[in-house]
> 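Pasting a structure here, questions to come.
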Amino acid sequence: MPELPEVETVRRGLAPVMEGARIAKADVNRPNLRWPFPDKMSERLTGAKIERLRRRSKYILADLDTGESLLIHLGMSGRMLISGAQLGQFTHDHPAPEKHDHVVFHMENGARITFNDPRRFGAMDLLNTQTADHHKLLSSIGPEPLGNSFDEAYLTDALSAKGSPIKSALLDQAIVAGLGNIYVCETLYRARISPTRKANKISKQRVASLVPIIRQVLSDAIEAGGSSLKDFRQADGDLGYFQHSFDVYGREGESCKTEGCGKSIKRIVQSGRSSFYCPTCQR
DNA sequence: ATAGGCACCTGGTGGC
DNA sequence: TGCCACCAGGTGCCTA
(Lines give C-alpha, C1' and ligand atoms only; values in the text may rest on other atoms or scores of the structure.)
Protein backbone atom coordinates (compact mmCIF):
# COMPACT_ATOMS: atom_id res chain seq x y z
CA MET A 1 0.00 0.00 0.00
CA PRO A 2 0.72 2.54 1.61
CA GLU A 3 3.72 4.59 0.98
CA LEU A 4 4.45 7.74 2.92
CA PRO A 5 1.61 9.84 1.46
CA GLU A 6 -1.03 7.17 2.09
CA VAL A 7 0.20 6.57 5.62
CA GLU A 8 0.16 10.30 6.27
CA THR A 9 -3.37 10.47 4.90
CA VAL A 10 -4.45 7.66 7.20
CA ARG A 11 -2.81 9.42 10.14
CA ARG A 12 -4.62 12.64 9.36
CA GLY A 13 -7.88 10.80 8.97
CA LEU A 14 -7.49 9.04 12.31
CA ALA A 15 -6.31 12.05 14.28
CA PRO A 16 -9.74 13.68 14.77
CA VAL A 17 -11.19 10.56 16.39
CA MET A 18 -8.11 9.17 18.14
CA GLU A 19 -5.99 12.06 19.33
CA GLY A 20 -6.88 13.04 22.86
CA ALA A 21 -9.31 10.13 23.06
CA ARG A 22 -9.22 7.13 25.35
CA ILE A 23 -9.37 3.51 24.22
CA ALA A 24 -12.32 1.87 25.97
CA LYS A 25 -11.48 -1.56 24.61
CA ALA A 26 -9.31 -3.15 21.96
CA ASP A 27 -10.44 -6.34 20.28
CA VAL A 28 -7.47 -8.36 19.14
CA ASN A 29 -8.91 -11.06 16.91
CA ARG A 30 -5.80 -13.08 16.19
CA PRO A 31 -2.42 -13.60 17.84
CA ASN A 32 -0.31 -11.98 15.17
CA LEU A 33 0.06 -10.12 11.93
CA ARG A 34 3.48 -10.32 10.39
CA TRP A 35 4.83 -10.99 13.89
CA PRO A 36 3.18 -12.02 17.13
CA PHE A 37 1.48 -9.16 18.91
CA PRO A 38 3.17 -8.08 22.14
CA ASP A 39 2.08 -9.77 25.36
CA LYS A 40 -1.25 -8.59 26.69
CA MET A 41 -1.62 -6.03 23.93
CA SER A 42 -5.34 -5.66 24.49
CA GLU A 43 -4.92 -5.08 28.23
CA ARG A 44 -2.11 -2.61 27.71
CA LEU A 45 -4.26 -0.59 25.34
CA THR A 46 -7.45 -0.66 27.35
CA GLY A 47 -8.00 2.60 29.21
CA ALA A 48 -5.03 4.29 27.57
CA LYS A 49 -5.41 7.80 26.26
CA ILE A 50 -3.82 8.61 22.92
CA GLU A 51 -1.86 11.81 23.47
CA ARG A 52 -0.60 12.14 19.94
CA LEU A 53 -0.67 10.37 16.60
CA ARG A 54 2.48 10.79 14.61
CA ARG A 55 4.17 9.24 11.62
CA ARG A 56 7.73 8.05 11.06
CA SER A 57 8.35 6.80 7.54
CA LYS A 58 5.51 4.36 6.82
CA TYR A 59 4.79 3.76 10.49
CA ILE A 60 2.05 5.37 12.54
CA LEU A 61 2.86 5.86 16.21
CA ALA A 62 0.20 6.48 18.80
CA ASP A 63 1.79 7.90 21.93
CA LEU A 64 -0.22 6.77 24.93
CA ASP A 65 -0.47 8.23 28.42
CA THR A 66 0.90 4.94 29.75
CA GLY A 67 4.46 5.61 28.63
CA GLU A 68 4.06 3.29 25.69
CA SER A 69 3.52 3.97 22.00
CA LEU A 70 1.47 1.80 19.72
CA LEU A 71 3.32 1.23 16.48
CA ILE A 72 1.25 0.42 13.42
CA HIS A 73 2.40 -0.60 9.95
CA LEU A 74 -0.13 -1.14 7.20
CA GLY A 75 1.99 -3.53 5.16
CA MET A 76 0.73 -3.94 1.61
CA SER A 77 -2.98 -4.21 2.19
CA GLY A 78 -3.75 -2.65 5.57
CA ARG A 79 -6.75 -0.31 5.88
CA MET A 80 -8.38 1.64 8.64
CA LEU A 81 -12.13 1.97 8.79
CA ILE A 82 -13.71 4.62 11.00
CA SER A 83 -17.26 4.25 12.19
CA GLY A 84 -19.49 5.66 14.88
CA ALA A 85 -17.84 9.03 14.75
CA GLN A 86 -19.12 12.43 13.88
CA LEU A 87 -17.04 13.47 10.88
CA GLY A 88 -18.17 16.82 9.61
CA GLN A 89 -21.90 16.50 9.22
CA PHE A 90 -21.75 12.74 8.70
CA THR A 91 -21.89 9.85 11.11
CA HIS A 92 -21.00 6.38 9.88
CA ASP A 93 -22.86 3.50 11.42
CA HIS A 94 -20.83 0.57 12.66
CA PRO A 95 -20.58 -1.89 9.78
CA ALA A 96 -20.91 -5.64 10.06
CA PRO A 97 -17.56 -7.26 10.84
CA GLU A 98 -15.66 -8.38 7.79
CA LYS A 99 -13.09 -10.98 7.00
CA HIS A 100 -9.60 -9.81 7.98
CA ASP A 101 -10.76 -7.34 10.65
CA HIS A 102 -7.83 -8.15 12.89
CA VAL A 103 -7.87 -5.39 15.49
CA VAL A 104 -10.75 -3.13 16.50
CA PHE A 105 -10.30 -0.08 18.71
CA HIS A 106 -13.41 1.02 20.57
CA MET A 107 -12.91 4.59 21.67
CA GLU A 108 -14.63 6.12 24.68
CA ASN A 109 -15.90 8.87 22.38
CA GLY A 110 -18.00 6.31 20.53
CA ALA A 111 -15.76 5.98 17.51
CA ARG A 112 -14.61 2.59 16.35
CA ILE A 113 -11.48 2.06 14.28
CA THR A 114 -11.12 -1.24 12.48
CA PHE A 115 -7.79 -2.44 11.17
CA ASN A 116 -8.36 -4.76 8.20
CA ASP A 117 -5.45 -6.41 6.43
CA PRO A 118 -6.01 -9.37 4.08
CA ARG A 119 -2.37 -10.14 3.40
CA ARG A 120 -1.24 -9.59 6.98
CA PHE A 121 2.06 -7.99 6.06
CA GLY A 122 1.11 -5.28 8.51
CA ALA A 123 2.35 -5.11 12.08
CA MET A 124 1.58 -3.72 15.50
CA ASP A 125 3.81 -3.43 18.51
CA LEU A 126 4.00 -1.56 21.78
CA LEU A 127 7.19 0.32 22.52
CA ASN A 128 8.55 2.52 25.21
CA THR A 129 7.78 6.04 24.02
CA GLN A 130 11.08 7.43 25.27
CA THR A 131 13.17 4.93 23.35
CA ALA A 132 10.89 4.41 20.37
CA ASP A 133 13.49 5.70 17.92
CA HIS A 134 15.82 2.92 18.96
CA HIS A 135 13.28 0.22 18.26
CA LYS A 136 14.61 -2.37 15.87
CA LEU A 137 12.12 -1.43 13.17
CA LEU A 138 12.86 2.29 13.38
CA SER A 139 16.52 2.58 14.23
CA SER A 140 18.03 2.28 10.78
CA ILE A 141 15.53 4.37 8.86
CA GLY A 142 16.93 7.37 7.02
CA PRO A 143 15.75 10.99 7.11
CA GLU A 144 12.18 12.04 6.49
CA PRO A 145 12.07 13.35 2.92
CA LEU A 146 9.87 16.26 3.94
CA GLY A 147 12.09 17.16 6.87
CA ASN A 148 15.03 19.54 7.19
CA SER A 149 17.80 16.96 7.35
CA PHE A 150 16.99 15.67 3.89
CA ASP A 151 18.89 17.93 1.55
CA GLU A 152 21.16 17.88 -1.47
CA ALA A 153 24.36 17.45 0.52
CA TYR A 154 22.89 14.49 2.36
CA LEU A 155 21.56 12.71 -0.70
CA THR A 156 24.71 13.27 -2.75
CA ASP A 157 26.73 11.74 0.03
CA ALA A 158 24.33 8.88 0.68
CA LEU A 159 24.23 7.84 -2.97
CA SER A 160 27.95 8.24 -3.62
CA ALA A 161 28.61 4.82 -2.12
CA LYS A 162 25.74 3.06 -3.84
CA GLY A 163 26.66 0.95 -6.83
CA SER A 164 23.14 -0.34 -7.16
CA PRO A 165 20.51 1.01 -9.55
CA ILE A 166 18.99 4.30 -8.44
CA LYS A 167 15.63 2.53 -8.32
CA SER A 168 16.86 0.22 -5.55
CA ALA A 169 18.71 2.99 -3.77
CA LEU A 170 15.62 5.18 -3.45
CA LEU A 171 13.61 2.18 -2.33
CA ASP A 172 16.16 1.65 0.44
CA GLN A 173 14.54 3.03 3.60
CA ALA A 174 17.97 3.68 5.11
CA ILE A 175 18.71 6.24 2.38
CA VAL A 176 15.41 8.06 2.58
CA ALA A 177 12.28 7.17 4.52
CA GLY A 178 8.88 6.44 3.11
CA LEU A 179 9.33 6.02 -0.62
CA GLY A 180 7.88 2.87 -2.15
CA ASN A 181 7.58 1.41 -5.60
CA ILE A 182 5.05 3.90 -6.95
CA TYR A 183 6.66 7.11 -5.79
CA VAL A 184 10.15 6.03 -6.78
CA CYS A 185 8.87 5.42 -10.31
CA GLU A 186 7.13 8.79 -10.32
CA THR A 187 10.20 10.55 -8.93
CA LEU A 188 12.57 9.09 -11.51
CA TYR A 189 10.16 9.94 -14.29
CA ARG A 190 9.97 13.57 -13.22
CA ALA A 191 13.75 13.67 -12.80
CA ARG A 192 14.21 12.06 -16.23
CA ILE A 193 16.58 9.50 -14.74
CA SER A 194 16.54 5.87 -15.87
CA PRO A 195 15.72 3.46 -13.03
CA THR A 196 18.62 1.28 -14.15
CA ARG A 197 21.27 3.95 -13.80
CA LYS A 198 23.77 3.22 -11.05
CA ALA A 199 23.23 5.59 -8.15
CA ASN A 200 26.88 6.60 -7.86
CA LYS A 201 27.15 7.29 -11.59
CA ILE A 202 24.61 10.09 -11.60
CA SER A 203 25.94 13.63 -11.76
CA LYS A 204 25.84 15.74 -8.64
CA GLN A 205 23.43 18.13 -10.30
CA ARG A 206 20.98 15.43 -11.19
CA VAL A 207 21.14 13.87 -7.73
CA ALA A 208 20.53 17.31 -6.28
CA SER A 209 17.49 17.69 -8.49
CA LEU A 210 15.99 14.59 -6.89
CA VAL A 211 15.55 16.34 -3.56
CA PRO A 212 12.93 18.91 -4.58
CA ILE A 213 11.31 16.39 -6.92
CA ILE A 214 10.86 13.82 -4.17
CA ARG A 215 9.40 16.51 -1.94
CA GLN A 216 7.04 17.64 -4.68
CA VAL A 217 5.90 14.14 -5.62
CA LEU A 218 5.12 13.32 -1.99
CA SER A 219 3.50 16.66 -1.23
CA ASP A 220 1.28 16.40 -4.27
CA ALA A 221 0.19 12.92 -3.22
CA ILE A 222 -0.49 14.01 0.36
CA GLU A 223 -2.58 16.84 -0.98
CA ALA A 224 -4.53 14.41 -3.15
CA GLY A 225 -5.01 12.27 -0.04
CA GLY A 226 -6.28 15.29 1.82
CA SER A 227 -9.01 15.86 -0.69
CA SER A 228 -9.88 12.17 -0.57
CA LEU A 229 -10.43 12.57 3.19
CA LYS A 230 -13.34 14.86 2.48
CA ASP A 231 -14.77 12.20 0.19
CA PHE A 232 -14.36 9.27 2.52
CA ARG A 233 -16.01 11.21 5.30
CA GLN A 234 -19.02 11.49 3.08
CA ALA A 235 -18.68 7.97 1.74
CA ASP A 236 -17.86 5.08 4.06
CA GLY A 237 -15.12 6.08 6.46
CA ASP A 238 -12.59 3.83 4.77
CA LEU A 239 -9.08 5.17 5.10
CA GLY A 240 -7.28 3.07 2.60
CA TYR A 241 -5.98 3.80 -0.76
CA PHE A 242 -7.19 6.92 -2.42
CA GLN A 243 -7.77 7.74 -6.03
CA HIS A 244 -4.65 9.20 -7.44
CA SER A 245 -3.39 9.36 -10.96
CA PHE A 246 0.18 8.60 -11.78
CA ASP A 247 2.37 9.78 -14.63
CA VAL A 248 4.16 6.48 -15.26
CA TYR A 249 3.30 3.92 -12.61
CA GLY A 250 1.03 1.24 -13.99
CA ARG A 251 1.03 2.77 -17.47
CA GLU A 252 2.94 0.09 -19.39
CA GLY A 253 2.23 0.37 -23.11
CA GLU A 254 0.52 3.73 -22.74
CA SER A 255 2.08 6.82 -24.22
CA CYS A 256 4.55 8.98 -22.34
CA LYS A 257 2.93 12.15 -21.05
CA THR A 258 5.97 14.31 -21.70
CA GLU A 259 5.20 17.06 -24.19
CA GLY A 260 6.44 16.00 -27.62
CA CYS A 261 7.40 12.46 -26.59
CA GLY A 262 4.41 10.15 -26.66
CA LYS A 263 6.54 7.01 -26.81
CA SER A 264 5.43 3.85 -25.10
CA ILE A 265 5.99 3.41 -21.35
CA LYS A 266 7.99 0.28 -20.56
CA ARG A 267 7.88 -2.06 -17.60
CA ILE A 268 10.98 -3.87 -16.42
CA VAL A 269 11.58 -5.93 -13.31
CA GLN A 270 14.28 -4.84 -10.88
CA SER A 271 14.90 -6.93 -7.79
CA GLY A 272 11.49 -8.45 -8.18
CA ARG A 273 9.58 -5.18 -8.43
CA SER A 274 8.09 -3.54 -11.50
CA SER A 275 9.71 -0.35 -12.72
CA PHE A 276 7.72 1.76 -15.15
CA TYR A 277 9.62 4.31 -17.19
CA CYS A 278 10.02 6.05 -20.51
CA PRO A 279 13.25 4.87 -22.17
CA THR A 280 13.26 7.99 -24.32
CA CYS A 281 12.85 10.63 -21.61
CA GLN A 282 14.68 8.83 -18.83
CA ARG A 283 18.41 8.39 -19.28
C1' DA B 1 29.45 -4.23 5.08
C1' DT B 2 26.49 -4.78 1.18
C1' DA B 3 23.58 -6.50 -2.59
C1' DG B 4 20.32 -9.71 -4.36
C1' DG B 5 16.73 -13.06 -3.78
C1' DC B 6 13.27 -15.30 -0.95
C1' DA B 7 9.67 -15.49 2.13
C1' DC B 8 5.64 -14.15 4.39
C1' DC B 9 0.03 -13.94 2.90
C1' DT B 10 -4.55 -13.25 0.33
C1' DG B 11 -7.14 -11.72 -3.50
C1' DG B 12 -7.98 -10.01 -8.10
C1' DT B 13 -7.50 -10.56 -13.05
C1' DG B 14 -7.05 -12.57 -17.41
C1' DG B 15 -6.29 -16.65 -20.37
C1' DC B 16 -7.68 -21.30 -21.65
C1' DT C 1 -17.53 -22.41 -13.93
C1' DG C 2 -12.96 -23.96 -12.92
C1' DC C 3 -8.18 -23.92 -12.80
C1' DC C 4 -3.79 -21.72 -13.27
C1' DA C 5 -0.35 -18.33 -13.72
C1' DC C 6 0.78 -13.95 -12.60
C1' DC C 7 0.41 -9.62 -10.33
C1' DA C 8 0.04 -6.41 -6.19
C1' DG C 9 1.61 0.02 -2.93
C1' DG C 10 6.54 -3.80 2.09
C1' DT C 11 10.44 -5.35 4.25
C1' DG C 12 13.13 -8.60 7.40
C1' DC C 13 16.19 -12.21 6.87
C1' DC C 14 19.28 -15.33 4.70
C1' DT C 15 22.81 -16.15 1.50
C1' DA C 16 26.84 -15.09 -1.20
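Here is how names work: the chains are called A, B, and so on, in the same order as the sequence lines, proteins then strands, and each is numbered from 1.
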> Rounding to a whole Å, what distance do you find between A:His102:NE2 and B:dC8:P?
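Value for this atom pair: 17 Å.
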
> Separation of A:Leu4 atom CG from C:dG9 atom C1', in whole Å?
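Interatomic distance, CG of A:Leu4 to C1' of C:dG9: 13 Å.
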
> Is A:Asp133 salt-bridged to A:Arg56, cutoff N-O under 4.0 Å?
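Not counted as a salt bridge, because no side-chain N and carboxylate O are separated by less than 4.0 Å.
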
> Counting just side-chain N and O atoms, does A:Arg120 come under 4.0 Å of either OP1 or OP2 of B:dT10?
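So the side-chain polar atoms of A:Arg120 do come within 4.0 Å of the phosphate oxygens OP1 or OP2 of B:dT10, strictly under.
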
> Could you state the atom-to-atom distance from CZ of A:Arg34 to C1' of B:dC9 in whole Å?
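That distance rounds to 11 Å.
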
> Respond yes when some side-chain nitrogen or oxygen of A:Arg273 is under 4.0 Å from OP1 or OP2 of C:dG9, and no when none is.
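True: A:Arg273 side-chain N/O within range (under 4.0 Å) of C:dG9 OP1/OP2.
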
> Need the pair for B:dC9. Rule: Watson-Crick or G-U wobble, both distances under 3.5 Å, any strand; none if unpaired.
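Result: none.
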
> What is the distance from CG of A:Leu33 to P of B:dA7, rounded to the nearest Å?
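In whole Å, B:dA7 P and A:Leu33 CG are 22 Å from each other.
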
> Base, sugar-phosphate, or nothing: which does A:Ser168 touch, judged by heavy atoms less than 4.0 Å apart?
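It contacts nothing in the nucleic acid.
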
> Quick check for you: among C:dC7, C:dG12, C:dG10, whose closest atom lies nearest to any side-chain atom of A:Met76?
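So the side chain of A:Met76 is nearest to C:dG10.
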
> Out of the candidates A:Lys266, A:Lys167, A:Glu252, A:Arg251, only one should pair with A:Tyr277 under the side-chain contact (heavy atoms from CB on, under 4.5 Å) rule; please name it.
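The passing option is A:Lys266.
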
> Tell me whether the OP1 or OP2 atom of C:dG9 has a side-chain N or O from A:Ser77 closer than 4.0 Å.
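No.
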
> Please check the phosphate of C:dT11 (OP1 and OP2 only) for any side-chain N or O of A:Lys136 closer than 4.0 Å.
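Negative; the distance criterion is not met.
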
> Taking only Lys NZ, Arg NE, NH1 and NH2, and the carboxylate oxygens of Asp or Glu, determine whether A:Arg190 and A:Asp220 approach each other closer than 4.0 Å.
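A salt bridge links A:Arg190 with A:Asp220.
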
> Can you tell me the pairing partner of C:dT1 across any strand shown, Watson-Crick or G-U wobble, with both distances under 3.5 angstrom?
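No nucleotide pairs with C:dT1.
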
> Apply the test side-chain hydrogen bond (donor to acceptor under 3.5 Å, both in side chains) to residues A:Ser194 and A:Gln282: give CA-CA distance (whole Å), side-chain angles for both, the deciding distance (0.1 Å), then the verdict.
CA-CA 5 Å; A:Ser194 165; A:Gln282 295 174 251; over 6 Å; no

> When you compare the ring of A:Phe121 with the six-membered ring of B:dC8's base, are the centres less than 5.5 Å apart and the planes under 30° from each other?
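By the stated criterion, A:Phe121 and B:dC8 stack.
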
> Tell me what A:Phe246 touches on the nucleic acid: a base, only sugar-phosphate, or nothing, going by heavy atoms under 4.0 Å.
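No contact.
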
> At 4.0 Å (heavy atoms only), tell me whether A:Arg79 reaches a base, stays on the sugar-phosphate, or touches nothing.
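No contact.
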
> Look at A:Lys99 and B:dG11 and indicate whether a side-chain polar atom (N or O) is within less than 4.0 Å of OP1 or OP2.
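For B:dG11, OP1/OP2 do have a side-chain N/O of A:Lys99 under 4.0 Å.
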
> Which part of the nucleic acid, if any, lies within contact of A:Gly180, taking any heavy atom under 4.0 Å across all strands shown: a base, the sugar-phosphate backbone alone, or nothing?
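It contacts sugar-phosphate atoms only.
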
> Any ion pair linking A:Glu108 and A:Lys49 (charged N to carboxylate O, less than 4.0 Å)?
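Result for this pair is no, no salt bridge flagged.
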
> Measure NE2/A:His73 against P/B:dC9 and give the value in whole Å, please.
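It is 17 Å, rounded to the nearest whole Å.
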
> Which is true for A:Leu137 with a 4.0 Å heavy-atom rule: it touches a base, it touches only sugar-phosphate, or it touches nothing?
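Since only primed, P, OP1 and OP2 atoms lie under 4.0 Å of A:Leu137, the category is sugar-phosphate.
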
> Of the listed nucleotides (B:dT10, C:dG10, C:dG12), which one gets closest to any side-chain atom of A:Glu3?
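Nearest to the side chain of A:Glu3 among the choices is C:dG10.
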
> Would you say A:His100 reaches B:dC9's phosphate, i.e. side-chain N/O to OP1/OP2 under 4.0 Å?
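It does not, given that no N or O in the side chain of A:His100 lies less than 4.0 Å from OP1 or OP2 of B:dC9.
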
> Should A:Lys162 be listed as having a side-chain N or O under 4.0 Å from OP1 or OP2 of B:dA3?
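Yes, because at least one side-chain N or O of A:Lys162 sits under 4.0 Å from OP1 or OP2 of B:dA3.
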
